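Step one of this worksheet: look at the structure below.
Lettering of chains follows the sequences in order, A, B, ..., and the numbering in each one begins at 1. In this text, all values refer to a predicted model and were calculated from it rather than measured experimentally.
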There are 2 protein chains.
Amino acid sequence: MISQTTEYALRAIVTLADKHPQPMTTEQLSEHTQVPTGYLAKVMQQLTKGGLVSSQRGLHGGFKLVSKPKDITMLDVVRILEPLPRINSCPLEIGDHGTDLCPLHRRLDNLIAMVEKQLTSTTIARLLAEKNANKPLCSGRIKD
Amino acid sequence: MISQTTEYALRAIVTLADKHPQPMTTEQLSEHTQVPTGYLAKVMQQLTKGGLVSSQRGLHGGFKLVSKPKDITMLDVVRILEPLPRINSCPLEIGDHGTDLCPLHRRLDNLIAMVEKQLTSTTIARLLAEKNANKPLCSGRIKD
DNA sequence: ATATATCAAGATATATTTATCCTTTATATG
DNA sequence: CATATAAAGGATAAATATATCTTGATATAT
């Protein structure tokens, strides 16, 4: 439904947002998000290339959000890791036939559209505003 | 979002439904759905084990739907191939904390719930009723 | 400058998904 | 019973997703 990698990215962005505009290192992010450090490093690279975060090497470096949490939607994150593939033409057809998908693929595309809409309508700031017990992710391990 | 395998299964079920209650062989289904024959055979096995279709070996054998198209929902098909994993406890937490997910995972779970709801509300019969140009899938290659 | 902190990039490893092929088993029909 | 048909099952292969590790590049502080 939503890949592991994408879910990791969302965890990281939420965590960065909570500290915004302070930078966080991969190590710190890994602790907070419980994502394996090495893999998270790759995910952060993708988010950097995608323009969502900026990176800074060296002492006191790390990653930080390029925009404010209120200006980042969940879809902004998701689409960097796994562009939700809208169905524009039937996979069966030789050519395409515009909006004239068969009922099955019309439904499947509507489903994706619905998910996109939901993801677009939720900003990262909104997630922070709803946070429980002062924690943006529900881990008990966050060390403040 | 929805795996290739699941999408193949939906194609096959829709095709079977269109001919219901006639059985169709893997070969025939493969032609109609454009799914690789060998792989489709495996998918059909899963659908059989899942109880959605019955299989019959030998001459005039093949697969047919166990229930009527109007009694099969898209979710019935999807859940055999990839059980949509609802998020009941936070992936981060050591234990679980009931309905008290963090905002991020609450949203992600809601998303899955929404998809489930849509898939449940669409029967295969409904897809057939909407079919274009008398074809349940939009392939130009169906030989009637 | 030098030492330290930190990300970037590439190679490699493992798991899962997708796909193919071959042999075996079951069934219908002459 | 013999034969043809068709699914079941197992082995293998290829592609992709997930994960680790090492080395190199770059920024900071002293």
Side-chain angles (χ1 to χ4, degrees), chain A residues 1-13 15-16 19 22-66 78-85 91, chain B residues 1-13 15-16 19 22-66 78-85 91:
Chain A
M1 173 70 200
I2 267 197
S3 78
Q4 189 66 268
T5 303
T6 300
E7 201 257 315
Y8 287 168
L10 285 166
R11 291 188 203 176
I13 293 293
T15 305
L16 274 181
K19 294 273 194 280
Q22 287 177 50
M24 294 180 76
T25 68
T26 302
E27 199 62 49
Q28 290 169 333
L29 281 169
S30 172
E31 275 174 38
H32 283 64
T33 60
Q34 298 292 304
V35 176
T37 312
Y39 195 62
L40 182 59
K42 294 302 189 185
V43 174
M44 294 315 295
Q45 270 184 36
Q46 290 184 261
L47 290 174
T48 304
K49 282 183 189 160
L52 256 198
V53 306
S54 61
S55 65
Q56 168 85 355
R57 302 196 220 198
L59 197 61
H60 307 140
F63 298 93
K64 64 183 176 188
L65 298 182
V66 166
V78 170
R79 79 176 137 211
I80 290 173
L81 286 302
E82 50 170 330
L84 294 184
Chain B
M1 170 72 200
I2 266 198
S3 78
Q4 189 66 271
T5 303
T6 300
E7 201 255 314
Y8 286 169
L10 284 165
R11 291 190 204 177
I13 292 294
T15 306
L16 274 180
K19 292 274 195 280
Q22 286 178 52
M24 294 180 76
T25 67
T26 301
E27 198 62 50
Q28 291 169 333
L29 281 169
S30 172
E31 275 175 37
H32 283 65
T33 60
Q34 299 294 304
V35 176
T37 312
Y39 194 62
L40 181 58
K42 296 301 190 190
V43 175
M44 295 315 295
Q45 271 183 35
Q46 292 185 259
L47 291 173
T48 304
K49 282 182 188 156
L52 256 198
V53 307
S54 61
S55 65
Q56 168 85 357
R57 301 198 222 198
L59 197 60
H60 306 140
F63 298 92
K64 65 183 176 189
L65 298 182
V66 165
V78 170
R79 77 175 137 210
I80 291 173
L81 285 302
E82 50 170 328
L84 295 185

Between Leu10(A), Thr15(A), Ile13(A), which is the residue that forms a side-chain contact (heavy atoms from CB on, under 4.5 Å) with Thr33(A)?
->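 Looking at Leu10(A), Thr15(A), Ile13(A), the match for Thr33(A) under the side-chain contact (heavy atoms from CB on, under 4.5 Å) is Thr15(A).
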Whole-Å distance between [N] [atom2] and [X] [atom1]?
X	N	atom1	atom2	value
Glu27(B)	dA8(D)	CD	P	15 Å
Lys49(B)	dA7(D)	NZ	P	15 Å
Gln45(B)	dT17(C)	CD	P	17 Å
Met24(A)	dC7(C)	CE	P	11 Å
Leu29(B)	dA7(D)	CG	C1'	12 Å
Gln22(A)	dT6(C)	CD	P	14 Å
Glu82(B)	dA17(D)	CD	C1'	15 Å
Met44(A)	dA9(C)	CE	P	14 Å

Could you verify whether a donor N or O on one side chain and an acceptor N or O on the other, from Tyr39(B) and Ser30(B), lie under 3.5 Å apart?
->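 Absent: no donor and acceptor within the cut-off.
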Ser3(A) and Tyr8(A): side-chain donor and acceptor closer than 3.5 Å?
->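 Result is no, nothing qualifies.
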So, is Ser55(B) close to the dA6(D) phosphate, meaning a side-chain N or O under 4.0 Å from OP1 or OP2?
->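 So the side chain of Ser55(B) is outside the cut-off, no N or O lying under 4.0 Å from OP1 or OP2 of dA6(D).
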Is any side-chain nitrogen or oxygen of Ser3(B) closer than 4.0 Å to OP1 or OP2 of dT17(C)?
->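 The answer is no; no side-chain N or O of Ser3(B) sits under 4.0 Å from OP1 or OP2.
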Non-hydrogen side-chain atoms of Glu82(B) and Ile2(B) separated by less than 4.5 Å =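 The answer is yes; the side chains approach within 4.5 Å.
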Going by heavy atoms in the side chains, are Val43(A) and Arg11(A) under 4.5 Å from each other?
->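 No; the side chains remain at least 4.5 Å from each other.
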From dT6(C), dG9(D), dA8(D), nucleotide with atom closest to Thr25(A) side chain =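 That would be dT6(C).
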Considering every strand shown, what is the Watson-Crick or G-U wobble mate of dA17(D) when both distances are under 3.5 Å?
->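 WC or wobble partner is dT14(C).
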Classify every nucleotide of nucleotides 19-30 of chain D by which part a protein heavy atom approaches to under 4.0 Å, writing B for the base, S for the sugar-phosphate alone and - for neither, in 5'-to-3' order.
-> BB---BBBBSS-
Quick one: pull up CD in Gln4(A) and CG in Leu81(A) and give me the separation to the nearest 0.5 Å.
->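 Result: 11.5 Å between the selected atoms.
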Roughly how far, to the nearest 0.5 Å, is the OG1 atom of Thr25(A) from the CD atom of Gln56(A)?
->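 Answer for the CD-OG1 pair, Gln56(A) versus Thr25(A), is 13.0 Å.
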